[in-house]
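Here is the structure we will look at, set down as structure tokens.
Ligands are counted one by one from 1 in listed order, and the atoms in each one are counted from 1 as well. Please read all numbers here as calculations on a predicted model, not as lab measurements.
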Amino acid sequence: MKDYRIETKCVQGGYTPGNGEPRQVPIIQSTTFKYATSEDMGKLFDLEASGYFYSRLQNPTCDTVAAKICELEGGSAAMLLSSGQAANFFAVFNIATAGDHVVASSCIYGGTYNLFAVTMKKMGIDFTFVDPDASTEEIEAAFRPNTKALFGETIANPALTVLDIERFADIAHRHGVPLIVDNTFATPVNCRPFEFGADIVTHSTTKYMDGHGSAVGGCIVDSGKFDWMAHKEKFPGLCTPDDSYHGITYAEKFGQGGAYITKATAQLMRDFGCTQSPQSAYLLNLGLESLHVRMERHCLNAKKVAEFLESSDKISWVNYPGLESSKYYPLTEKYMPSGTCGVVSFGIKGGRAAAERFMKELKIAAIETHVADARSCCLHPANATHRQMSESELIAAGVPSDLVRFSCGIENYNDLIADIAQALEKV
Ligand SMILES: *Cc1c(COP(=O)(O)O)cnc(C)c1O
């Protein structure tokens with residue numbers, strides 16, 4: 001599959017059935033797997049042989065779909081998880097532990113911010129959040145001797161800022177740590193962060209990858225390019241023996257391309273069990289088969305909707321990185337030349353009340369706390385996800401009270417624009 005283009009990988013990647021085998025990825029709905037001898041089983045537990053023994057750790061359906069995402073991103077190994085939250089938690093916790101520190105972009109998904117700033121902080125991991133547009137010197141100043149990773153989102157949800165991946169990768173590598181990029185909004189169809197130096201990619205597969213609002217899930221992909229052994233003292237979990245597996249050293253036994261995902265599976269999945277169900281993996285794969293076709297339409301619709309909004313006198317501002325007027329347009333030309341995402345945010349003249357009225361009048365886009373779905377949906381964060389915040393707190397969070405987040409589906413854009421126009425008329 002390696003030599004094929006992204007569209008072919010979306011449809012055919014990860015699974016090549018043999019003679020007489022099912023054409024579609026089989027759902028292996030089994031918690032456990034049978035072996036002839038205890039010795040066979042013992043080898044699996046010692047990580048001496050590869051194979052399945054319990055679906056909390058690994059399942060063939062999940063691995064098949066992970067292999068497809070691995071091919072799409074151009075990585076060396078990948079794993080599926082129960083959610084995007086689990087993916088970002090594992091991605092960081094696999095290399096940072098109590099007493100460690102991580103530098104993260106301040107423009108990230110609210111759930112990830114909470115995970116880092118509140119929950120993982122309670123576990124003893126310290127985070128410093130930096131403005132992704134800050135100068136290289138300012139970002140470098142956030143690093144400490146115990147910093148273990150740099151984290152950002154290709155296109156941030158919901159701020160829609162675009163990460164300068166190459167610059168971030170250079171900064172991370174100068175400090176001997178990997179760059180972890182949450183590539184949920186761009187998807188590998190529009191951006192492959194490994195090509196610009198990122199080391200680990202994460203996804204909420206719940207969004208465009210599934211694309212039909214049917215299954216919550218996550219994924220981690222390793223580029224296999226980060227040389228853990230060259231920074232042995234920083235990553236003892238990968239570079240020194242693991243007592244819970246008879247003294248295996250992951251970076252030695254599984255090499256640069258396999259160590260990170262093997263450790264996350266053998267330790268974190270074993271202990272936390274944030275596993276994706278085979279049924280969900282099957283649904284995710286159905287979504288992936290059309291990802292390239294859907295992304296093109298999501299991006300076309302969003303561009304048309306953003307252009308219409310920009311021309312409307314009822315709108316005070318429009319934020320869409322694919323618009324030529326966006327300050328991120330030069331970065332999108334470099335990192336996402338074929339499109340960005342389907343999410344547009346904008347402010348309606350008349351503030352909070354106008355935004356509420358507008359959304360009530362929409363007929364096609366439904367009000368949902370979801371994005372990246374085949375069906376258009378929208379959210380007024382000041383009234384939903386950011387409801388507890390005061391006006392000044394909302395502005396500080398980059399979510400003013402007039403902000404509407406509009407996720408363009410794959411309907412006809414003329415219908416979306418007509419619907420938006422009639423709703424704006426009533427404001
Ligand atoms: C939704 C989202 C997440 C969290 O994913 P879940 O599947 O909802 O747990 C993480 N990162 C980004 C960018 C997201 O949009």
Side-chain angles (χ1 to χ4, degrees), residues 62 65-66 69 73 78-93 102 104-120 127 129 132 149 151-163 165 168 179-191 193 198 200-221 272-277 280-281 283-284 287-288 291 295 298 302 321 335-336 340-345 368-373 377-379 381 384-386 397-399 405-408:
C62 295
V65 180
I69 298 173
E73 289 286 3
M79 67 197 288
L80 294 191
L81 299 98
S82 53
S83 67
Q85 287 297 105
N88 283 326
F89 171 55
F90 274 37
V92 173
F93 197 62
V102 173
S105 162
S106 58
C107 291
I108 52 174
Y109 175 65
T112 311
Y113 180 82
N114 228 39
L115 168 69
F116 289 174
V118 181
T119 301
M120 290 184 78
F127 287 79
F129 296 94
F151 182 97
E153 291 179 10
T154 311
I155 305 173
N157 175 15
L160 302 177
T161 54
V162 174
L163 191 73
I165 299 170
F168 267 65
L179 172 64
I180 304 174
V181 173
D182 181 332
N183 196 32
T184 299
F185 263 31
T187 82
V189 170
N190 285 338
C191 180
I200 311 286
V201 156
T202 61
H203 283 281
S204 164
T205 62
T206 317
K207 312 294 165 54
Y208 290 115
M209 285 191 168
D210 171 89
H212 300 78
S214 56
V216 173
C219 184
I220 307 176
V221 189
F272 291 102
C274 307
T275 168
Q276 186 164 138
S277 83
S280 292
L283 291 169
L284 167 58
L288 289 168
L291 181 64
M295 285 316 287
H298 280 295
Y335 294 113
M336 294 166 257
T340 53
C341 67
V343 181
V344 179
S345 64
E368 294 170 16
T369 45
H370 190 42
V371 286
D373 191 87
C377 55
C378 61
L379 184 74
T385 47
H386 296 66
V399 189
R405 183 181 73 183
F406 197 98
S407 172
C408 297

Looking at G217, which atoms of ligand 1 are within less than 4.0 Å of one of its heavy atoms? 7 (O)
Contacting atoms of ligand 1, where contact means under 4.0 angstrom from a heavy atom of Q85: 4 (C), 5 (O), 6 (P), 9 (O)
How far apart are the closest heavy atoms of H370 and T206, and which atoms are they? CE1-O, 3.7 Å
Based purely on interatomic distance, does Y109 place a nitrogen or oxygen under 3.5 Å from a nitrogen or oxygen of ligand 1? no
Among non-hydrogen protein atoms, atom 8 (O) of ligand 1 lies closest to S204 OG, 4.1 Å
Just wondering, do L115 and N88 contact through their side chains at under 4.5 Å, heavy atoms? yes
Closest protein heavy atom (residue, atom, distance) for atom 12 (C) of ligand 1: D182 OD2, 3.5 Å
Do any N or O atoms from the side chain of Q276 and from the backbone of S83 form a donor-acceptor pair under 3.5 angstrom? no
Would you check whether A87 reaches within less than 4.0 Å of ligand 1, judged by its heavy atoms? no
Is there a side-chain contact between Q85 and C274, using heavy atoms and a 4.5 Å cut-off? no
Could you tell me whether F185 and ligand 1 have an N or O pair separated by under 3.5 Å? no
Output the list of atoms in ligand 1 that are nearer than 4.0 Å to some heavy atom of E153, sorted by atom number. 13 (C)
Over all atoms of both residues, closest heavy-atom pair of I220 and L81: CG1-CD1, 3.5 Å
Minimal heavy-atom distance between A302 and C408, with the atoms involved, is CA-SG, 3.6 Å
In terms of atom number and element, which parts of ligand 1 are under 4.0 angstrom from non-hydrogen atoms of N157? 14 (C), 15 (O)
When you compare the side chain of P188 with that of M295, does any pair of heavy atoms fall below 4.5 Å? no
Indicate whether any N or O donor in one side chain lies under 3.5 Å from an N or O acceptor in the other, for T154 and N183. yes
Distance from atom 14 (C) of ligand 1 to nearest protein heavy atom, with residue and atom: K207 NZ, 2.9 Å
Ligand 1 to T206, heavy atom cutoff 4.0 Å, flagged ligand atoms 6 (P), 7 (O)
